[in-house]
Amino acid sequence: MALSSLATLCSSPPVSAVRDSPAVSNLNGLSPVADDAAAPSAFLRSGGGGGGGGDLKEIKQLHCCVAKKGPTHNNELIAKCAEVGTPESLDYALKVFEGWKEDECVAGSLFVCNSLIRACSFAGLGERAILVFVRMLEMGVMPDKYTFPFLLSACTKVSWFREGVQVHGAIVKMGFAGDMFVANTLIHFHFECGDVVDGRRLFDKMPERNVVSWTSLICGYSRRDCPKEAVSLFFDMPNGHMVSALVDMYMKCGAFVTAKRIFDCCVERNLVLYNTIMSHYVKRGMAREALAVLDEMLEQGPQPDRVTMLSAISASAALNELFFGKACHGLAKWIYHYTEENAIERDMLLDTAFVDMFGRCGDPKMAVQIFEKMEKRDVSSWTAIICAMATEGNGKQALELFKEMLTQGVEPDDVTFVGLLTACSHSGLVEQGRRLFQSMEEVYGISPKVVHYGCVVDLLGRAGLLEEALDFIKSMPIEPNDIIWGSLLSSCRTHKNVEIAAYAANRIPELTSDRTGIPVVLSNIYASEGKWSEVAKVRLKMKERGMHKVPGSSSTEVNGVVHQFSSGDESHPEMSRIALMLDEINCKLRDAGHVPDLRNVLLDVDDHEKKFLLSRHSEKLAIAYTLISTGQKMPVRVVKNLRTCSDCHTYAKLVSKVYDREISIRDNNRFHFFKEGFCSCGDFW
DNA sequence: ATAGGGTTAG
């Protein structure tokens, strides 16, 4: 490794830095692939393009031009490689670079070296950054003040202390230690990879300091668990606009009130400070507060950036009061359009978050559209789109995407399999699901977790293979949890199997968690079989333990306002109009041959009463209200906190036909898209 | 140019 020579090279820098040389380029054995003679700058201008593979091809074409036109174009070639920034393109650039002869160095070589080092630093390839540095010294290209910040940050990222110290030596020898940027990076380096005392000494020696110097110091201290030092610095600070580091520190150690107080006191709030406080609100599940911060930013600046949008996306997913943890479509659209209209920088992370967000809030079309436009995709991106297909109930598409992902050489992870298995489960693809589960460990070396076992139980149970599901649970190498038994229980309800249901219910150590709604499902099973005495027993048990049935509740968004209805609810201000509409719908559906399925009423009352209760299920109220409040072809979007009942399902199918409206119902685990009398789930759910 | 804020699971 050339690293050992670093110190020697640094101590005796070559004399001439830049030379002119019209010599023919030596391509060091790399043969260009095409013989195309377009100007290199044309390639550079064309920018963008397809995925990483396409870029590399472009680079090779560029290389070909270099061969023809001489070494001046090496610069463009390397710059292009740096811009692409993948390990492959950087390797390629390095190969070309290593092929240089001293006398080939041309004006601008320094700039090329710097941008290459910068690219290596961005890509976290510290070793390559050092290689470029060593090589440039060998060739007599003298570094400047721009070289070192990149080089040091590359060392810092990979925690290369020894190399960093050597670079530090070079900086001193070459006389760059007085530069503000260089000094700041040195502080950061010492705090991250070395000693806080060294970092502090450097800071104290600086004749002048700027915001970055202070931030590096405060963040350095707080990361190294020296909050006292960080706080005392805060009071020494010449100006108050670098509080974000401090707020972040307090938030991280749980001193929420202190953090908030500092935020409130701070007059000059910059972007990072806003992003800091917002991200912490989101982490604590305080979505409303997070969005209030966003509002304030929109009102008085600073202009949000992609980090802000990422927090906003999480916040929208966490708005569970009204949307039961499923993102709210209106907000999702707003976030997306805001990002587009304000030309906020997009990257893989943000695009993936968008795909995920639209997948969750019932807009798979948008999810697909964004996914298709993405230039780079990693496991998370593929997983997000697979999950979007899974919640939509489009199992086939999910499996197709998985295949494509594999052909593109992306390795799945455990989350991908959660998506795949639920996709199979929602579409009744039992055999495919079984095979995927098998392959997890055998082919991909991912050992299944409880979630995955849960998915399989769900897969078998939904398909009516209750015995097999039970055997599967018994054979699990890990302890099944409430959720697994609960899943089996709800399958028992769909497929009307009281025996296995009772068995499952008895396996659940205690009817503890309210959250899983297990006792409710059990009592519903008994109720639908008319076993009212069993129902009473379960209800009594629930009462003894102070548990309540979570009431069914549906929300719908009309003109940006969310309206929430619970079953039998008459509190809506427009209830009389809604009641009229419900009657009208009932008449039309009756004419279309619909007979209400009274087995969905789980109370021991007479049929007339049952009919009435059934007609007031929360999703029906929400649908009726949306129909009277929105224009003709507007889609109806309903989100429900529990599973939707089979009568409401049939009802929605018919309404979609009779009223010619697209309806979507997001229940607690998937979407149903109703159109022209059919549902996307194909009645399998 | 250097630092600080960031997605993901039934």
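In what follows, chains are A, B, ... by sequence order, proteins preceding strands, each numbered from 1.
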Can you find a donor-acceptor pair, distance only, under 3.5 Å between A:Asp305 side chain and B:dG5 base? yes
Identify which nucleotide among B:dG4, B:dT2, B:dT8 has an atom closest to any side-chain atom of A:Pro149, counting heavy atoms from C-beta outward. B:dT2
Give the nucleotide from the list B:dG5, B:dG4, B:dG6 with an atom nearest to the side chain of A:Asp347. B:dG6
Whole-Å gap separating P (B:dG4) and CG (A:Leu217): 12 Å
Taken to the nearest whole Å, CZ/A:Arg224 to P/B:dG4 is 14 Å
For the residue pair A:Asp458 and A:Ser487, confirm or rule out a side-chain donor-acceptor distance under 3.5 Å. yes
Of all the choices, B:dT8, B:dG10, B:dA1, which nucleotide is nearest to the side chain of A:Val418 once you look at every atom? B:dG10
Using a cut-off of strictly less than 4.0 Å, decide whether A:Lys283 has a side-chain nitrogen or oxygen near OP1 or OP2 of B:dG6. yes
I'd like to know if the side chain of A:Arg209 reaches the main chain of A:Phe203, judged simply by a donor and an acceptor atom lying under 3.5 Å from each other, with no hydrogens or angles considered. yes
Short side-chain N/O contact to B:dG5 OP1/OP2 from A:Ser279, under 4.0 Å: no
Provide, to the nearest angstrom, the distance between the NZ atom belonging to A:Lys376 and the P atom belonging to B:dT7. 20 Å
Gap between atoms CZ and C1', on A:Arg118 and B:dA3 respectively (whole Å): 16 Å
Mind calculating the distance between CZ (A:Phe150) and C1' (B:dA3) to the nearest angstrom? 14 Å
Checking all strands, does A:Ile187 fall into the base, sugar-phosphate, or nothing category for heavy-atom contacts under 4.0 angstrom? nothing
Between B:dG10, B:dG4, B:dT2, which nucleotide gets closest to the side-chain atoms of A:Ser153? B:dT2
Which part of the nucleic acid does A:Ser216 contact within heavy-atom distance under 4.0 Å: base, sugar-phosphate only, or nothing? sugar-phosphate
Between A:Arg306 and B:dG5, is there a side-chain N or O to OP1/OP2 distance below 4.0 Å? no
Parallel, tilted or perpendicular, as decided by the 30° and 60° cut-offs, for the rings of A:Phe371 and A:Trp382: perpendicular
Could you check which of B:dA3, B:dT7, B:dG4 has an atom nearest any side-chain atom of A:Arg223? B:dG4
To the side chain of A:His188, which of B:dT2, B:dA1, B:dG4 is closest? B:dG4
Specify the separation, in whole Å, of atom CG of A:Asn270 and atom P of B:dA3. 16 Å
I'd like to check A:Arg118 versus A:Tyr146 (side-chain heavy atoms, cut-off strictly below 4.5 Å). Are they in contact? no
Quick one: does A:Asp356's side chain have a donor or acceptor within less than 3.5 Å of a partner on A:Gly359's backbone? no
In terms of side-chain heavy atoms of A:Cys219, which of B:dG10, B:dG5, B:dG4 is nearest? B:dG4
Whole Å only: how far is the CZ atom of A:Phe181 from the C1' atom of B:dA3? 11 Å
A:Leu152 atom CG is separated from B:dA1 atom P, nearest whole Å, by 17 Å
Does the side-chain contact (heavy atoms from CB on, under 4.5 Å) test come out yes or no for A:Ile117 and A:Phe133, once each step is laid out? CA-CA 7 Å; A:Ile117 292 176; A:Phe133 182 63; 4.3 Å; yes
